[in-house]
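Below you'll find the structure, written out as structure tokens, and then a few comments.
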Amino acid sequence: MDASTLNRKRAGGLQTRLPPVDSDDSCLSDSDNSDEDLRPTPGDTSSSDEDSDRNHDAQMHARTQSAATARTRGQEVVWETVQQQDSATDIPIWQDALPVADETREPIQYFRDFFDADLLDTIVHQSNLYCMQTNPYNALLTLDPNELEQFIGTLVYMSVIHLPRSRMYWCSECRVAQVADSMSRDRWEEIKRFIHFNDNSNMAANNEDKLFKVRPIIDSLLQKCQDLPQDQMLSIDEQMVPFKARSSLKRYIPKKPHKWGYKIFVLCDTKGLVHSFDIYTGETDPVPGEPDIGASGNIVLKLAQAIHGACDHLLYVDSWFSSLELFAALANKGIPALGTVQQCHLRGCSFSTDTDMKKKGRGTFEEKRSVVDGVEIRAVKWFDKRGVYLARSFASAHPVSNIARWDRKLKQEVSVEFPHIINQYNKFMGGVDALDALMAYYPIQIRSKKYYQRLFFHFVDMVIVNSWLLYRRDCDSLDVPKKMQKDLLAFRASLAQALCMQGKDMARKKRGLPSSEVEREFARKKHRGPTKAIPTLEIRSDAIGHWPVVESMRQRCKLPNCKGQSVFRCSKCNVHLCLNKNKNCFQEFHK
């Protein structure tokens, strides 16, 4: 999916982020107990305090920007007008390249790059411990990694096959076999009730960490995202995790499609692949070894630690983050940046008013430059329907192209000058918007009053989107035709099926035409009489847990067109296969 198609033009010619086509967080009516260990801020006991919390982010941003301005107020910034002959572009050439894949893998293998065995074992251990701490005299949870993956598989199925209530997946009127056959309803609700990620007994020692309950998941996924190969164009923006229950982490942003929820700052490429993220908890301390340039600037510097500065990556931000100090700090780290900026943050820079530029006509622009902390920064004001300000430490207004605009007075399209810096911003700033759009297609919408469960569901959706984007990257590097690539829906369905079959002896029967030679031969064999079921291709080729076991009795080899008998049985697929010096049906069956 092209990120440029996910953006629409904002007033003034700049693109704005596409609002997620997501349903409300209250779409399902499951009941759940609130988390007893939730730590609200003092005074957060009534709805009357919401009014004071609504403008918290805006006030925080204004205070930090004012503080940054005050720190550098004594430093005079001198601007000079840039002439056309001095406006040559200087976009750095990328010194790196994305790796070329050897082959494409199954969806569950991409998913396990993030939810690996260590993370699953941590969740299993903490969930069993939480059940024992909560109900010491009742039966234990006895959760294992296979059952945890089956639970995650049902969550993914529920995001694809959406019903208003979770219990409807098991009721006789609208039973969904993919979910109901994986585990019983009571067992599913028991796992959902006790799923946990950290030991509550250690919370007192980590009282300052507001994300203590999800800290193991954040640390594990953050490291895996930062290790992913990066494209040249990267962007930083914020996204909202819808949540309206009581929580000290909840924020209110009136201009967002989901006004209430958790705010997460994300570093993405243009396709939406996540390389780093940071959950906003109310305070943003300066990064050790970096200058304190205010809360919004500190967030960018924190996320930019995952960027390899020696490879000439380019970073795009919006006006909430932008400041002269930020562009200078990033440039000194070897990371050129570009973004929209508020005029009040361009100290000492004066452009013509909107009224004067309107008289000159649409497409009028001015460019000025200055030096801040040894870094040349250029600022551009472009007038379309209103004035738009951009600042950068690379690129410039020239070369200028032309775009078509509709003129209401003339009732026809007119040609308007379009500076190069505007085109660069519109083209590469939509990474987080692409991520939001992809996650909004099939989100996990299970309700829960426990904030850490809502964040867990969000991370599962984010990992699935990341896995699909990596799969598409591998397909593109191998020149796989688009019609042969799985779209996001098919990818999620295949992943859900593979997760739900973990630890099961028999694979689920598939509808439709067989997709491989083994399955086609098996379908022909079924017409001749009863035959033993075989696992699906996703299970056979996942390369996990397929071990040959020696049996006392020989049975017919289940590889089609093989008439041999073997004592070797696959421990996971539960079928006999030849494995000797003359035949290796075991390997052929699991390709």
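Computation of the quantities below employed the complete heavy-atom set of this structure, encompassing side-chain atoms and omitting hydrogens, waters and symmetry-equivalent molecules.
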(request) Would you check if the distance from the ring center of Trp468 to the ring center of Tyr110 is below 6.0 Å? (result)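 No, too far apart.
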(request) Report yes if the distance between the aromatic ring centroids of Phe321 and His345 is under 6.0 Å, otherwise no. (result)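 Ring centroids of Phe321 and His345 are no less than 6.0 Å from each other.
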Working to the nearest 0.5 Å, report the span between [atom1] of [X] and [atom2] of [Y].
{"X": "Leu301", "Y": "Glu290", "atom1": "CG", "atom2": "CD", "value": "5.5 Å"}
{"X": "Ile264", "Y": "Glu238", "atom1": "CD1", "atom2": "CD", "value": "11.0 Å"}
{"X": "Leu438", "Y": "Met462", "atom1": "CG", "atom2": "CE", "value": "13.0 Å"}
{"X": "Leu455", "Y": "Lys450", "atom1": "CG", "atom2": "NZ", "value": "14.0 Å"}
{"X": "Ile236", "Y": "Phe265", "atom1": "CD1", "atom2": "CZ", "value": "10.0 Å"}
{"X": "Arg347", "Y": "Leu324", "atom1": "CZ", "atom2": "CG", "value": "5.5 Å"}

List the atom pairs, with distances to 0.1 Å, where a side-chain N or O of residues 406-416 and a protein N or O form a donor-acceptor pair under 3.5 Å, not counting sequence neighbours.
unit_1	atom_1	unit_2	atom_2	d
Asp407	OD1	Lys409	N	2.9
Asp407	OD1	Leu410	N	2.9

(request) With side chain to side chain contact (heavy atoms under 4.5 Å, CB included) as the test, would you mind laying out the steps for Phe365 and Val400 before giving the verdict? (result) CA-CA 10 Å; Phe365 67 92; Val400 178; 3.6 Å; yes
(request) Please say which of Phe114, Phe277, Tyr262 ends up in a ring-ring contact (aromatic ring centres under 6.0 Å, His included) with Phe459. (result)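 The option that passes is Phe277.
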Can you check whether [X] reaches [Y] side chain to side chain, under 4.5 Å on heavy atoms?
{"X": "Gln239", "Y": "His458", "answer": "yes"}
{"X": "Asp461", "Y": "Val465", "answer": "no"}
{"X": "Asp318", "Y": "Tyr425", "answer": "yes"}
{"X": "Gln485", "Y": "Asp476", "answer": "yes"}
{"X": "Asn466", "Y": "Asp113", "answer": "no"}
{"X": "Leu314", "Y": "Leu338", "answer": "no"}
{"X": "Phe111", "Y": "Val156", "answer": "no"}
{"X": "Arg386", "Y": "Val388", "answer": "yes"}

Check whether [X] reaches the backbone of [Y] with its side chain - one donor and one acceptor, N or O, closer than 3.5 Å.
{"X": "Ser220", "Y": "Ile217", "value": "no"}
{"X": "Thr340", "Y": "Ser319", "value": "yes"}
{"X": "Ser235", "Y": "Tyr316", "value": "no"}
{"X": "Ser494", "Y": "Phe491", "value": "no"}
{"X": "Ser467", "Y": "Val463", "value": "yes"}
{"X": "Arg454", "Y": "Pro242", "value": "yes"}
{"X": "Ser370", "Y": "Val78", "value": "yes"}

Where do [X] and [Y] come nearest, in terms of heavy atoms and distance?
{"X": "Arg392", "Y": "Glu367", "result": "NH2-OE2, 4.5 Å"}
{"X": "Ala306", "Y": "Ser276", "result": "CB-CB, 4.1 Å"}
{"X": "Cys475", "Y": "Thr104", "result": "SG-CG2, 3.6 Å"}
{"X": "Thr353", "Y": "Lys381", "result": "C-NZ, 3.7 Å"}
{"X": "Ala97", "Y": "Trp94", "result": "CA-CH2, 3.9 Å"}
{"X": "Thr270", "Y": "Ala434", "result": "O-CB, 4.1 Å"}

Parallel, tilted or perpendicular: which fits the ring planes of [X] and [Y], with parallel below 30° and perpendicular above 60°?
{"X": "Tyr389", "Y": "Phe351", "result": "tilted"}
{"X": "Phe456", "Y": "Phe115", "result": "perpendicular"}
{"X": "Trp382", "Y": "Phe418", "result": "perpendicular"}

(request) Check the surroundings of atom NZ in Lys368: do more than 12 heavy atoms from other residues, nucleotides or ligands lie under 6.0 Å from it? (result)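 Enclosed.
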(message) Check this for me: Lys358, atom NZ, are more than 12 non-hydrogen atoms of other residues, nucleotides or ligands nearer than 6.0 Å?
(response)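 Result for NZ/Lys358: open.
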Between [X] and [Y], is any side-chain donor less than 3.5 angstrom from a side-chain acceptor?
{"X": "Lys359", "Y": "Thr355", "value": "no"}
{"X": "Asp219", "Y": "Gln223", "value": "no"}
{"X": "Asp285", "Y": "Asn298", "value": "no"}

Is a salt bridge present between [X] and [Y], judged by a nitrogen-to-oxygen distance below 4.0 Å?
{"X": "Arg492", "Y": "Asp487", "value": "no"}
{"X": "Asp269", "Y": "Arg473", "value": "yes"}
{"X": "Glu376", "Y": "Arg378", "value": "yes"}

(request) Evaluate the criterion side chain to side chain contact (heavy atoms under 4.5 Å, CB included) for residue pair Leu234 and Ile335; output intermediate values, then yes/no. (result) CA-CA 10 Å; Leu234 303 172; Ile335 305 175; over 6 Å; no
(message) Could you walk me through whether Leu435 and Leu469 satisfy the side chain to side chain contact (heavy atoms under 4.5 Å, CB included) test, starting with their C-alpha distance in whole Å, then the side-chain angles of each, then the deciding distance to 0.1 Å, before giving a yes or no?
(response) CA-CA 10 Å; Leu435 172 67; Leu469 292 174; 5.8 Å; no
(request) Give the C-alpha distance, both sets of side-chain angles, the deciding distance and a yes or no for side chain to side chain contact (heavy atoms under 4.5 Å, CB included) between Arg472 and Lys482. (result) CA-CA 9 Å; Arg472 293 291 293 266; Lys482 290 291 184 181; 3.4 Å; yes
